[in-house]
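So the structure is just underneath, and the comments pick up after that.
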Amino acid sequence: MSEYDSAPPEVDHEEEIPEDHPRYTDLVTRHRIEEGVKKGITHLQGMHAEGRGSAFDYLLGEETIPSADEAERAAAATFLLADHPVCSVNGNVAALVPEEIVELADVVDADLEVNLFNRTPERIEAIADHLFAHGAEQVKGIEADARLPNLEHARARVDEDGIYAADVVMVPLEDGDRAEALAAMGKTEIVIDLNPLSRSPRVADVPIVDNIVRAVPNVTAHARDLADADEAELEAIVEAFDPETALEAAEARIRRGALEE
Ligand code: PTJ
């Protein structure tokens, strides 16, 4: 099988994707997005987002590069220092890492809030149900009784006691306008995005340039590792992390191409 072969057409379930396929992870994420669309969780535009992410991931070597691991540790420390952290969940996040995002929220004591670019009541409900089915005890974003200032349309809608009141927000695969609106509100933002040139990671305090399927479990692992760290140690980790350096390292890796390493 060549590395450019795609999943065989007869694959109906993720388990049927051969684990020895050289692009196994990519095939799994593609399959999960496709399933997400079929279940009404993921928007069709989520497929475009997935395609873009997949291309960047290919150039990164489909691995967590050292600067991303540092960002993931800084994200864990940021969460543990927060008073009111929230993990924002959109249709791609719900399809790709439902169990893992529920686990992260549990470990760092964060709220989960469904927050959609293409907001419809049906998708909000489908995503909330999907998170409940994967162990979530509480999901915000259904009421959406507040608005982010300086942002048009339904994508500004958030929960007043969720993202609106949060001090730290994790926004994976986020649209640039909303990431900017959150930054303008003074939130500490953790962004997961495979494109280091995208506006969202560029406005983030902690940009994580890594595939969400690797990033979320790794932030959780760092948070578990730091569970007994005192405030001074957590603050030192956050202060030592430089977002510009992390973005430059990711861009350099993508431009150079892992295949030349
Ligand atoms: O569910 P909704 O309605 O909220 O819509 C979600 C999408 C993702 C469709 C919406 O927010 C959107 O259009 O986002 P963009 O502007 O396409 O940005 C998505 C970013 O995520 C792009 O920079 C991709 O490179 C990146 N990305 C895609 N897949 C992954 C990823 N980053 C990390 N891990 C991935 N698996």
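Residues: numbered from 1 along the sequence shown. Atoms within each ligand, like the ligands themselves, are counted from 1 in listed order.
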Other residues, nucleotides and ligands only: do more than 12 of their heavy atoms fall within 6.0 Å of CG on Asp230?
yes

Would you say the side chains of Asp242 and Thr245 form a donor-acceptor pair under 3.5 Å?
yes

If you scan protein heavy atoms around atom 14 (O) of ligand 1, the nearest is Leu173 O, 4.1 Å

Closest non-hydrogen protein atom to atom 4 (O) of ligand 1, residue and atom name please, with distance?
Phe117 N, 2.7 Å

In terms of atom number and element, which parts of ligand 1 are under 4.0 angstrom from non-hydrogen atoms of Gly91?
1 (O)

The atoms of ligand 1 lying under 4.0 Å from a heavy atom of Gly46, numbered in the order shown, are 9 (C)

Would one find an N or O of Leu96, backbone or side chain, under 3.5 Å from an N or O of ligand 1?
no

N/O separation below 3.5 Å, Arg178 to ligand 1
no

Considering only protein heavy atoms, which is closest to atom 20 (C) of ligand 1, and at what distance to one decimal place?
Asp193 OD2, 3.4 Å

Using every non-hydrogen atom in the two residues, find where Ala82 and Val168 come nearest and quote the distance to one decimal.
CB-CG2, 3.5 Å

Got an N/O contact under 3.5 Å between Leu194 and ligand 1?
yes

Please check whether Asn92 reaches ligand 1 - meaning an N/O of the residue sits under 3.5 Å from an N/O of the ligand, judged on distance alone.
no

I need the minimum non-hydrogen distance between Arg178 and Leu116, along with the two atoms involved.
NH1-O, 3.2 Å

Between Arg199 and Asp177, does any NZ, NE, NH1 or NH2 come within less than 4.0 Å of an OD or OE carboxylate oxygen?
yes

Short list, please: which atoms of ligand 1 are under 4.0 Å from a heavy atom of Asp210?
33 (C), 34 (N)

Can you report which non-hydrogen protein atom sits closest to atom 34 (N) of ligand 1, along with the distance?
Ile212 N, 2.9 Å

So that I can tick it off, tell me whether Asp225 and Arg73 are bridged by a salt bridge, with the cut-off set at under 4.0 angstrom between side-chain N and carboxylate O.
yes

Using a 3.5 Å cut-off on N or O atoms only, is Leu116 in polar contact with ligand 1?
no

Determine, stepwise, if the pair Asp210 / Thr64 fulfils side-chain hydrogen bond (donor to acceptor under 3.5 Å, both in side chains).
CA-CA 6 Å; Asp210 197 6; Thr64 300; 2.8 Å; yes

the protein heavy atom lying closest to atom 28 (C) of ligand 1 turns out to be Ala49 O, 3.0 Å

Does Tyr164 have more than 12 heavy atoms from other residues, nucleotides or ligands lying within 6.0 Å of its OH?
no

Looking at ligand 1, is there an atom of it that comes within less than 4.0 Å of some heavy atom belonging to Arg123?
yes

Under 4.0 Å from atom 12 (C) of ligand 1, can you find at least one protein heavy atom?
no

Filtering Val216, Asn211, Val97 for the heavy atom nearest atom 36 (N) of ligand 1 leaves Asn211

Look at atom 15 (P) of ligand 1 and say which protein heavy atom is nearest, naming residue and atom and giving the distance to 0.1 Å.
Arg52 NH2, 3.5 Å

Students should be able to answer this: which protein heavy-atom is nearest to atom 5 (O) of ligand 1, and at what distance?
Asn118 ND2, 3.6 Å

Would Leu173 and Asp193 satisfy side chain to side chain contact (heavy atoms under 4.5 Å, CB included), going step by step from the backbone distance to the final call?
CA-CA 5 Å; Leu173 285 60; Asp193 196 316; 5.9 Å; no

Residue Glu251 excluded, over 12 heavy atoms near CD under 6.0 Å:
yes

Test side-chain contact (heavy atoms from CB on, under 4.5 Å) applied to Asn118 - qualifying residues, sequence neighbours left out:
His43, Gln45, Arg123

When distances are taken from atom 6 (C) of ligand 1, the protein heavy atom at minimum range is Asn90 ND2, 3.7 Å

Give the cluster check for Phe117 versus Ile33: same hydrophobic cluster or not, with ILVMFWY residues linked at side-chain heavy-atom distances below 4.5 Å.
no

